Q: 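Once you've had a glance at the structure underneath, I'll fire off some questions.
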Amino acid sequence: MTDFSQLLIYVPGIILFLVGSGQVREWLRMRRSGFCADAGVISCKHVVKKDKKDREIYNYYDVTVEYDNPRTGRRERLAVKTPTEYAKGQRVRMYQGKGSEKPVLAECRPEFLFHPWATMIGGALLILLALEQNRGREIPAMICLALIFTGAGVNLTADYILLKRRNLQPVQAVITEIYTRQISRETKILKGARYTYYPVVRYELEGGENIRRCNINSSGQNAFKVGEYMTLYYDPKSRSVLEKHARVGTAVAGICLVCIGVLAGASILSVVL
């Protein structure tokens with residue numbers, strides 16, 4: 001009979017692989033998208049719907065944008081539903097998804113610590129590591145471990161270098177409200193509902209007012225306070241606003257992981273030779 005602990009060590013790799021594969025699909029969808037155009041927000045209306053027990057069912061924004069369609073050459077308006085609030089007159093980006101009839105908003109997407117491909121491949125290597133460990137094959141398992149450390153280190157170092165080259169400009173933003181998202185309800189087993197808190201900020205950019213619900217979040221209710229300031233980072237080349245910049249700590253962590261991976265590889269060679 002298979003020991004339960006032998007099956008349990010597959011779980012981290014499976015979870016990481018599934019998360020990474022979902023990120024890769026989204027990454028490929030964006031890369032394969034068609035035309036991209038600037039649009040202006042005409043109106044933004046908050047819509048909240050609740051059931052008879054006053055429980056929230058829907059919470060979104062009805063946003064109307066106006067843009068010049070590069071395919072038809074005409075100015076068009078489009079109504080979209082989005083979880084993000086926008087200021088009237090705010091400039092946004094639209095893109096045409098592959099196989100989609102209408103363009104959609106390019107929402108502010110999460111900035112992942114690791115590239116989607118790196119996450120998915122790392123998950124696959126963790127699964128392979130667990131398989132080789134259960135088989136009692138130490139050398140292949142050590143090779144997987146060395147590749148995981150080296151790959152993670154290279155990814156972090158490359159991320160730092162690429163962000164550094166973008167010459168990001170700091171933008172001061174003020175927190176105007178806190179968006180609360182319920183992630184679990186109280187049950188007979190779990191005591192107390194759980195929430196995640198996101199700051200909603202307002203900032204000036206290129207002479208216009210902008211509103212953004214940040215992807216950065218916290219499970220602590222007092223992590224963000226209305227009226228406090230936080231720094232965003234504007235990339236003039238891509239005209240995108242990021243929530244993170246090039247941190248030296250990221251590069252240091254990347255170099256350390258690469259060194260660990262190289263040492264692990266060297267130890268394998270010493271055993272083989």
Side-chain angles (χ1 to χ4, degrees), residues 1-33 83 97-99 106-164 181 183-184 190 194 196 198 214-219 240 242-269 271-272:
M1 183 179 292
T2 303
D3 188 359
F4 179 73
S5 61
Q6 292 181 326
L7 299 177
L8 195 62
I9 61 175
Y10 288 99
V11 174
I14 293 173
I15 293 175
L16 198 63
F17 180 81
L18 293 176
V19 170
S21 61
Q23 294 175 1
V24 166
R25 284 195 298 270
E26 180 65 16
W27 182 81
L28 290 174
R29 186 172 69 87
M30 291 297 297
R31 298 277 293 186
R32 295 170 180 171
S33 62
K98 186 177 181 181
E107 303 281 3
C108 302
R109 303 184 183 281
E111 300 161 29
F112 301 112
L113 182 61
F114 296 99
H115 192 279
W117 281 105
T119 302
M120 188 177 73
I121 295 172
L125 285 173
L126 278 176
I127 295 173
L128 186 59
L129 170 63
L131 177 64
E132 297 299 340
Q133 186 173 341
N134 283 337
R135 288 177 174 177
R137 300 173 60 181
E138 295 184 1
I139 300 300
M142 285 294 295
I143 292 174
C144 291
L145 190 61
L147 289 174
I148 290 171
F149 280 119
T150 305
V154 170
N155 185 105
L156 291 178
T157 307
D159 184 60
Y160 171 80
I161 294 172
L162 292 175
L163 281 176
K164 195 71 175 178
R181 178 186 176 189
I183 58 176
S184 67
L190 298 175
R194 298 181 182 275
T196 302
Y198 299 80
C214 297
N215 289 302
I216 185 173
N217 60 80
S218 174
S219 58
S240 58
L242 308 180
E243 296 174 17
K244 69 175 184 178
H245 65 293
R247 295 183 174 90
V248 177
T250 301
V252 172
I255 294 172
C256 290
L257 288 174
V258 170
C259 292
I260 294 173
V262 171
L263 290 174
S267 66
I268 295 171
L269 289 177
V271 172
V272 174

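Since this is a predicted model, take the numbers as computed values, not measurements.
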Q: How long is the span from the CG atom in Leu145 to the CD atom in Glu132, to the nearest 0.5 Å?
A: 13.0 Å
Q: Decide yes or no on side-chain contact (heavy atoms from CB on, under 4.5 Å) for Val258 and Cys256, but give the supporting numbers first.
A: CA-CA 5 Å; Val258 170; Cys256 290; over 6 Å; no
Q: Please tell me if the side chains of Leu163 and His245 come closer than 4.5 Å, counting only heavy atoms from C-beta onward.
A: no
Q: Could you tell me whether Asp159 and Arg247 make a salt bridge, using a distance below 4.0 angstrom between a side-chain N and a carboxylate O?
A: no
Q: If every non-hydrogen atom of Ala146 is compared with every non-hydrogen atom of Ile268, which pair is closest and at what distance?
A: CB-CD1, 4.5 Å
Q: Can you name the side-chain hydrogen bond (donor to acceptor under 3.5 Å, both in side chains) partners of Ser218, sequence neighbours left out?
A: none
Q: For Ala118, does its backbone N or O pair with a side-chain atom of Asn155 as donor and acceptor, under 3.5 Å?
A: no
Q: What distance do Ile143 atom CD1 and Leu147 atom CG have between them, rounded to the nearest 0.5 Å?
A: 7.5 Å
Q: Quick check: do Trp117 and Val24 have side-chain heavy atoms less than 4.5 Å from each other?
A: yes
Q: Under 3.5 Å, is there a donor-acceptor pair between the side chain of Lys244 and the main chain of Phe112?
A: yes
Q: Heavy atoms, side chains only, cut-off 4.5 Å: are Val248 and Tyr160 in contact?
A: yes
Q: Are Ser219 and Thr196 close enough that some pair of their side-chain heavy atoms sits under 4.5 Å apart?
A: no
Q: Just wondering, do Tyr198 and Cys214 contact through their side chains at under 4.5 Å, heavy atoms?
A: no
Q: Atom CG of Leu125 and atom SG of Cys144: how far apart are they, to the nearest 0.5 Å?
A: 5.5 Å
Q: Using a 4.5 Å cut-off on heavy atoms from C-beta on, say whether the side chain of Phe17 contacts that of Ile121.
A: no
Q: Do Ile127 and Tyr10 have side chains that approach each other closer than 4.5 Å (heavy atoms only, starting at C-beta)?
A: yes
Q: If you look at every heavy atom in Gly261 and Thr150, which pair is closest and at what distance?
A: CA-OG1, 3.3 Å
Q: Measure across Asn217 and Asn215 and return the closest heavy-atom pair with its distance rounded to 0.1 Å.
A: ND2-O, 2.9 Å
Q: Say you draw a straight line from CE of Met142 to CZ of Arg137; how long is it, rounded to the nearest 0.5 Å?
A: 15.0 Å
Q: Between Ser21 (side chain) and Leu18 (backbone), is there a donor-acceptor pair under 3.5 Å?
A: yes
Q: Please answer whether the main-chain N or O of Glu138 pairs with a side-chain N or O of Gln133 as donor and acceptor at a distance below 3.5 Å.
A: no
Q: Distance from Leu257 atom CG to Ile148 atom CD1, nearest 0.5 Å?
A: 11.5 Å
Q: Could you check if a side-chain atom of Thr157 sits within less than 4.5 angstrom of a side-chain atom of Thr250, using non-hydrogen atoms only?
A: no
